Amino acid sequence: MSDEMGASVPINGSDGNGYVVDIYPLSSYYFGSKEAIPFKDETLYNRVLRMKSNYDAHGLRTCVEAVLLVELFKHPHLLLLQVRNSIFKLPGGRLRPGESDIDGLKRKLTRKLSLNEDGGEVDWEVGECLGMWWKPDFETLLFPYFPPNVKRPKECTKLFLVKLPVSQKFFVPKNLKLLAVPLCQIHENHKTYGQIISGVPQLLSKFSFNIIDS
């Protein structure tokens with residue numbers, strides 16, 4: 001199926017548009033903890049003010065997030081960060097001004113999932129962009145396409161498939177939880193996981209999962 005570990009390759013078929021992704025068991029990975037990272041405790045009003053200020057200074061805000069897959073009970077699971085036991089997020093975050101998508105995502109993954117922020121012990125394999133969402137204003141409404149009537153969008157969120165190796169050590173800040181959630185539970189579950197995360201299973205529909213036993 002794959003010539004290189006963790007790579008995605010075309011499936012033999014009539015259309016040739018499918019891809020195979022290798023997924024390794026959750027038990028192949030080590031999960032530890034590290035010092036907590038600070039969060040901004042602010043109201044929606046204050047958050048909007050901050051976003052407006054950042055937009056005036058730097059323009060479009062770009063966020064990059066990672067789709068990380070593991071196997072559990074012969075089913076693909078998505079790794080999600082949980083904040084305050086209620087909010088689910090994909091690992092990632094906002095790019096710095098002038099920072100590339102790949103470099104920014106690697107930096108964010110290292111900050112949130114690696115022991116040291118210098119990133120020396122992990123080389124994240126960032127794959128293709130699965131999808132993009134746009135905010136036409138500073139509120140929470142998202143569009144999975146660029147609205148043609150919007151001339152100056154305020155935020156763009158990009159999802160990337162990040163291929164995990166056969167084993168790896170994850171170190172999660174103490175004020176976060178890293179959970180493996182089955183794709184069947186996430187699918188179209190907007191109420192629990194939000195618009196972007198609940199749409200991940202559909203974005204992965206062109207892939208075939210090659211479950212590799214430990």
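Source: prediction; values computed, not measured.
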Going by chain and number, the hydrophobic cluster around L60 (ILVMFWY, side chain to side chain under 4.5 Å) further includes M132, W134, F146
Residues 81-96 vs salt bridge (Lys or Arg N to Asp or Glu O under 4.0 Å), sequence neighbours excluded, gives none
Applying side chain to side chain donor-acceptor pair (under 3.5 Å) to N46 and T43, what does each step give before you reach the verdict? CA-CA 5 Å; N46 289 332; T43 64; 3.3 Å; yes
For a quick test of reading the model, state the closest non-hydrogen atom pair linking L105 to L95 and the distance between them. N-CD2, 4.5 Å
What residues form a side chain to side chain donor-acceptor pair (under 3.5 Å) with S86, not counting sequence neighbours? none
When you check the side-chain N and O atoms of Y55 and E155, is any donor under 3.5 Å from an acceptor? no
Taken to the nearest 0.5 Å, the spacing of N210 CG from I212 CD1 works out to 5.0 Å
Going only through I, L, V, M, F, W and Y residues with side-chain contacts under 4.5 Å, is there a path from L164 to V122? yes
Evaluate F207 against L161 for side chain to side chain contact (heavy atoms under 4.5 Å, CB included), listing each step before the verdict. CA-CA 11 Å; F207 294 96; L161 180 64; 4.0 Å; yes
Mind running side chain to side chain donor-acceptor pair (under 3.5 Å) on Y19 and E128 for me, showing each step along the way? CA-CA 12 Å; Y19 291 85; E128 67 181 270; over 6 Å; no
Can you find a pair of side-chain heavy atoms, one from P173 and one from K34, that are under 4.5 Å apart? yes
Residues that Q168 engages under side chain to side chain donor-acceptor pair (under 3.5 Å), provided they are two or more places apart: none
For Y145, the rest of its hydrophobic cluster, which grows through side-chain links under 4.5 angstrom: L141, F143
Check for me whether K154 meets the cation-pi criterion with F138, that is, NZ or CZ under 6.0 Å from the six-membered ring centre and within 45 degrees of the ring axis. yes
Atom pair CD1/CG of I197 and L203 - distance to nearest 0.5 Å: 12.0 Å
Holding to ring pair (Phe, Tyr, Trp, His ring centres under 6.0 Å), I want the full list of residues that pass it with Y29, two or more places apart in sequence or in another chain. F170
Rounded distance [0.5 Å steps], CZ in F88 versus NZ in K177: 9.0 Å
Say you draw a straight line from OG1 of T157 to CH2 of W133; how long is it, rounded to the nearest 0.5 Å? 8.5 Å
Output side-chain donor-acceptor pairs under 3.5 Å for residues 67-83, partner residues at least two apart or in another chain, one line each.
{"unit_1": "E71", "atom_1": "OE2", "unit_2": "F73", "atom_2": "N", "d": "3.3"}
{"unit_1": "E71", "atom_1": "OE2", "unit_2": "K74", "atom_2": "N", "d": "2.7"}
{"unit_1": "K74", "atom_1": "NZ", "unit_2": "D213", "atom_2": "OD1", "d": "2.7"}
{"unit_1": "H77", "atom_1": "ND1", "unit_2": "H75", "atom_2": "O", "d": "2.9"}
{"unit_1": "Q82", "atom_1": "NE2", "unit_2": "N85", "atom_2": "O", "d": "3.3"}

Residue pair V64 / G104: nearest heavy atoms and the distance that separates them: CG2-C, 4.1 Å
Taking T110 for its side chain and K106 for its backbone only, find out whether a donor-acceptor pair lies under 3.5 Å. yes
Taking the side chain as every heavy atom from C-beta outward, state whether Y24 and I211 have any atom pair closer than 4.5 Å. no
Kindly give the heavy-atom pair with the smallest separation between S198 and H190, and that separation in Å. OG-ND1, 2.9 Å
ILVMFWY clustering at 4.5 Å (side-chain atoms), partners of L49: Y45
If you look at every heavy atom in L90 and A66, which pair is closest and at what distance? CD2-O, 3.5 Å
Just jot down the side chain to side chain donor-acceptor pair (under 3.5 Å) partners of K158, sequence neighbours excluded, or say none. D101
Between N189 and T192: side-chain donor-acceptor atoms closer than 3.5 Å: yes
For D137, which residues count as a salt bridge (Lys or Arg N to Asp or Glu O under 4.0 Å) partner, sequence neighbours excluded? none
Can you give me the closest heavy-atom contact between S28 and S167, atom names plus distance? O-CB, 3.3 Å
Side-chain contact test, heavy atoms from C-beta onward, threshold under 4.5 Å: evaluate it for Q195 versus P144 and give yes or no. yes
By salt bridge (Lys or Arg N to Asp or Glu O under 4.0 Å), which residues pair with K108, not counting sequence neighbours? none
Under the side chain to side chain donor-acceptor pair (under 3.5 Å) test, which residues partner N54, sequence neighbours left out? none
Taking everything shown except E99 itself, do over 12 heavy atoms lie less than 6.0 Å from its CD? yes
ring-ring contact (aromatic ring centres under 6.0 Å, His included) between F171 and F31, intermediate numbers included: CA-CA 6 Å; F171 293 90; F31 297 90; 9.7 Å; no
Check for me, please, whether L115 and L109 land in the same ILVMFWY cluster - side-chain distances under 4.5 Å, paths through other members count. no
Could you give the distance from CD (E65) to CG (L130), rounded to the nearest 0.5 Å? 11.5 Å
How far does OG of S33 sit from CG of N175, to the nearest 0.5 angstrom? 11.0 Å
Are L179 and I23 co-members of a hydrophobic cluster defined by side-chain heavy atoms under 4.5 Å apart? yes
